[in-house]
Amino acid sequence: MSAMERTELKMAVIAEQLGLSWAELARELQLSVDDINKIRVENPNSLLEQSSALLNLWATREGKRTLYAALKSIDRMDIVTMLEGQPSFIDHAVNYVCFADVFFPVSFDLFPGRGQVR
C-alpha cells in the first residue's frame, strides 16, 4: 500500500469517526464560518460527507494546525489513538507513516454510493 493510499484510508476513517464533531474540528482548524456553512449547505443529509468535505478543504489549504493536534484539542483522542496505536489497521505489511506529517489534497471514493471526497 502506498503512502497516498494509507493517507486516503486514514482520511476516510477520520471522516467516518468524526460524526457531529466535524464542525468543532473545522473551527479548531481555523476554517471560517462561511466555509462551515458552505459545507453544511452542500452536504445537508450526511455527516460523513460533511466530515469528508471538511478534511478535503483542510488538506487543500494546509492549515496552520496539524490534524492530530486539532483532534486532541476537541477531545477526540479516540480517533488519534485508533490511528496511531494500530498501524496494522492501515496496513500491516508496510511501515507506519504518521498522518500528521502528510499534507496533500486527496481525491477518492470513500464508500461507493455514500459519499465522495473531492
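Residues: numbered from 1 along the sequence shown.
- Of the possible polar contacts, none joining the E49 side chain to the S46 backbone as a donor-acceptor pair under 3.5 Å is found.
- For V41 against P44, the heavy-atom pair with the smallest separation is O-CD, 3.4 Å.
- One distance of note links CG of L48 with CG of L18; it measures 9.5 Å at 0.5 Å rounding.
- Residues satisfying the side-chain contact (heavy atoms from CB on, under 4.5 Å) criterion with R40, sequence neighbours excluded, are W22, A23, I36, N37, Q50.
- For D78, the side chain to side chain donor-acceptor pair (under 3.5 Å) partners at least two apart in sequence or on another chain are R76.
- When all heavy atoms of L55 and A15 are compared, the closest pair comes out as CD1-N, 3.7 Å.
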Handout entry: side chain to side chain contact (heavy atoms under 4.5 Å, CB included) evaluation trace for E24 with E28
Key = CA-CA 6 Å; E24 187 178 5; E28 193 65 34; 5.9 Å; no
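- Rounding to the nearest 0.5 angstrom, the gap separating the CG atom in L47 from the CG atom in L20 is 5.0 Å.
- Note that the CG atom of L57 and the CG atom of L29 stand 9.5 Å from one another [nearest 0.5 Å].
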Practice task
Show your working on side chain to side chain contact (heavy atoms under 4.5 Å, CB included) between S21 and I74 and close with a plain yes or no.
Solution key: CA-CA 8 Å; S21 300; I74 65 164; 4.2 Å; yes
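- Note that CG of L25 and CD1 of I14 are 8.5 Å apart. Values are rounded to the nearest 0.5 Å.
- Rounding to the nearest 0.5 Å gives a distance of 6.0 Å between CD1 of I79 and CD of Q17.
- For D75, there are no salt bridge (Lys or Arg N to Asp or Glu O under 4.0 Å) partners at least two apart in sequence or on another chain.
- A side-chain donor from one of S32 and D35 sits under 3.5 Å from a side-chain acceptor of the other.
- Under the side-chain contact (heavy atoms from CB on, under 4.5 Å) criterion, K72 pairs with M77, V80, sequence neighbours left out.
- In this structure, the separation between CG on L31 and NZ on K38 is 11.0 Å, given to the nearest 0.5 Å.
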